[in-house]
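Following: one structure in structure tokens, then a few remarks.
Computation of the quantities below employed the complete heavy-atom set of this structure, encompassing side-chain atoms and omitting hydrogens, waters and symmetry-equivalent molecules. Since the structure is predicted, the reported quantities are computational estimates derived from the model, not experimental observations.
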Amino acid sequence: MTRITVDVNDEWLDAAREVLGTDTKVATINAALHAFALRRQAREIVSAFDQVEMDFTDSEEAWRYGGGRDLGRLVEDARDSEAA
């Protein structure tokens with residue numbers, strides 16, 4: 001952990017504290033830095049997906065009832081395992 005002394009705009013700090021729901025200046029600054037780091041990672045992930053060619057042929061049918069995504073069977077399996 002690095003300890004620094006920095007001048008911070010109080011209005012911006014208060015606004016960030018409100019948005020982030022933090023209680024202290026230190027927590028607010030750390031949460032804001034963390035949020036920006038996560039935003040960068042998300043951009044990199046989206047960029048990686050943008051570079052991959054995806055084939056969605058027949059994908060609409062796969063998500064309809066009975067198209068392999070029916071979760072009703074999970075309920076039946078759970079009930080069967082509880083009864084056993």
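- A distance of 11.5 Å separates CZ of Arg43 from CD1 of Ile45, quoted to the nearest 0.5 Å.
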Would you mind writing out the side-chain donor-acceptor pairs for residues 34-42 within the sub-3.5 Å range, not counting sequence neighbours?
unit_1, atom_1, unit_2, atom_2, d
Arg40, NE, Glu44, OE2, 3.2

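- Two different hydrophobic clusters hold Met1 and Leu33 under the rule that ILVMFWY side chains link at heavy-atom gaps under 4.5 Å.
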Solution key, residues 14-27 side-chain donor-acceptor pairs under 3.5 Å, sequence neighbours excluded:
unit_1, atom_1, unit_2, atom_2, d
Thr22, OG1, Thr28, OG1, 2.4
Thr24, OG1, Ala27, N, 3.0

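- Put simply, Ile4 and Leu13 are part of the same group of oily side chains (I, L, V, M, F, W, Y) that touch within less than 4.5 Å, one to the next.
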